[in-house]
Amino acid sequence: MDGVSVDDLLEFARSRLSRLTPLRAEQAAARGGLIIDIRCACEQRRDGLVPGAIGIERNVLEWRVDPRSPYRDPRLAQCRGPLILMCAQGYQSSLAAASLHELGITRATDLIDGFEGWREAGLPVHAWPGDDRPGG
């Protein structure tokens with residue numbers, strides 16, 4: 001079998017990133033960075049949202065972030081710091097951030113341990129809008 005393993009691919013992707021712990025990601029966002037939540041809407045609805053994060057699902061990320069794309073998200077143009085990608089556990093976001101580096105977006109990085117790490121660090125999480133469950 002030719003090629004590299006997914007573990008090799010992940011290791012190579014992460015070697016190119018300055019990954020952030022949840023606390024450092026929160027601090028970077030407060031100083032002008034932007035957390036981009038690449039989880040699917042069903043995960044966001046089920047698990048909650050990071051305040052201030054922009055939701056851009058993984059399958060359209062490159063088109064929304066590339067400044068040359070006609071489908072770019074104009075909210076990203078105002079970002080003055082790193083683009084901090086967040087998935088559920090920190091694997092998908094590492095690969096996605098490396099993909100953005102290929103587009104020349106070298107300020108992209110990811111959140112170590114993803115949303116789960118954020119929540120475990122005791123950082124703020126909001127319920128999905130309109131969620132009327134107790135505590136939601």
Side-chain angles (χ1 to χ4, degrees):
M1 187 176 256
D2 291 336
V4 298
S5 71
V6 70
D7 290 332
D8 293 335
L9 190 61
L10 184 62
E11 183 179 339
F12 177 69
R14 287 179 171 172
S15 74
R16 302 166 62 193
L17 304 174
S18 296
R19 302 182 74 218
L20 300 176
T21 64
L23 184 56
R24 290 210 184 266
E26 181 186 48
Q27 293 166 346
R31 291 189 310 269
L34 184 60
I35 297 173
I36 300 175
D37 190 342
I38 64 171
R39 297 175 299 148
C40 67
C42 63
E43 289 176 298
Q44 294 173 357
R45 185 178 296 114
R46 180 189 68 213
D47 299 329
L49 303 168
V50 168
I54 292 179
I56 300 176
E57 290 192 27
R58 174 65 189 102
N59 62 325
V60 296
L61 179 68
E62 287 82 357
W63 287 270
R64 300 297 183 264
V65 176
D66 185 349
R68 298 160 295 220
S69 170
Y71 306 105
R72 70 188 169 278
D73 188 319
R75 297 174 294 178
L76 304 182
Q78 301 168 7
C79 180
R80 300 179 319 275
L83 296 177
I84 307 157
L85 304 186
M86 178 185 70
C87 65
Q89 298 175 327
Y91 296 99
Q92 195 179 157
S93 58
S94 293
L95 297 174
S99 174
L100 294 183
H101 278 235
E102 292 296 321
L103 292 174
I105 304 164
T106 58
R107 63 190 172 121
T109 189
D110 78 321
L111 176 62
I112 296 170
D113 296 326
F115 179 81
E116 289 182 12
W118 180 276
R119 185 173 47 205
E120 288 172 14
L123 295 171
V125 174
H126 290 225
W128 183 266
D131 189 349
D132 57 3
R133 293 178 297 168

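For the pair Ala13 and Ala98, the tightest heavy-atom approach, listed with the atom from each and the gap, is CB-CB, 3.6 Å. Taking all atoms of both residues into account, the shortest heavy-atom contact from Ser94 to Leu10 is CB-CD1, 3.7 Å. Across all non-hydrogen atoms, the minimal contact from Glu57 to Ala41 is OE2-N, 3.2 Å. Considering every non-hydrogen atom in both Leu76 and Arg107, the closest pair reads O-NH2, 4.1 Å. Residues Cys79 and Gly32 come closest through the heavy atom pair SG-O, 3.6 Å. The shortest heavy-atom contact between Ala53 and Asp37 is CB-CB, 4.5 Å.
By the rule that hydrophobic residues join a cluster once side-chain heavy atoms approach within less than 4.5 Å of another member, Ile35 and Leu20 end up as members of one cluster. Both Val65 and Val60 belong to a single network of hydrophobic side chains, linked directly or stepwise wherever heavy atoms of I, L, V, M, F, W or Y lie under 4.5 Å apart.
By the 4.5 Å heavy-atom criterion applied to side chains, Glu102 and Arg16 are counted as neighbours. No side-chain heavy atom of Val4 sits less than 4.5 Å from a side-chain heavy atom of Phe12. Residues Leu123 and Val50 form no side-chain contact, since every pair of their non-hydrogen atoms from C-beta on lies 4.5 Å or further apart. Between Ile38 and Ser93 the shortest side-chain heavy-atom distance falls below 4.5 Å. At least one side-chain heavy atom of Asp47 sits less than 4.5 Å from a side-chain heavy atom of Phe115. Here the side chains of Ser99 and Arg58 are in contact, with some heavy-atom distance below 4.5 Å. Residues Arg64 and Tyr71 form a side-chain contact, since some pair of their non-hydrogen atoms from C-beta on lies under 4.5 Å apart. Side-chain contact check for Leu83 versus Ile105: some heavy-atom pair is nearer than 4.5 Å.
Panel note: side chain Glu43, backbone Cys40; a donor-acceptor pair is recorded below 3.5 Å. A distance-only check finds a donor-acceptor pair linking the side chain of Arg72 to the backbone of Ser69 [under 3.5 Å]. Within the 3.5 Å criterion, the main-chain N or O of Arg39 finds a donor-acceptor partner in the side chain of Gln44.
Put simply, CG on Leu100 and CG on Leu61 are 4.5 Å apart, with the number rounded to the nearest 0.5 Å. How far CD1 of Ile112 is from CH2 of Trp118: 13.0 Å, rounded to the nearest 0.5 Å. The distance from atom CG of Asp110 to atom CZ of Arg19, rounded to the nearest 0.5 Å, is 4.0 Å. Remark: Ile84 CD1 to Ile54 CD1 distance equals 11.5 Å, nearest 0.5 Å. Between Leu17 atom CG and Thr106 atom OG1 the span is 10.5 Å, to the nearest 0.5 Å. Considering CG of Asp73 and CG of Leu34, their distance stands at 8.5 Å, rounded to 0.5 Å.
Within a 6.0 Å radius of CD in Glu11, no more than 12 heavy atoms belonging to other residues, nucleotides or ligands are found.
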Side-chain donor-acceptor pairs of residues 85-92 under 3.5 Å, sequence neighbours excluded:
unit_1	atom_1	unit_2	atom_2	d
Gln89	NE2	Glu116	OE2	3.3

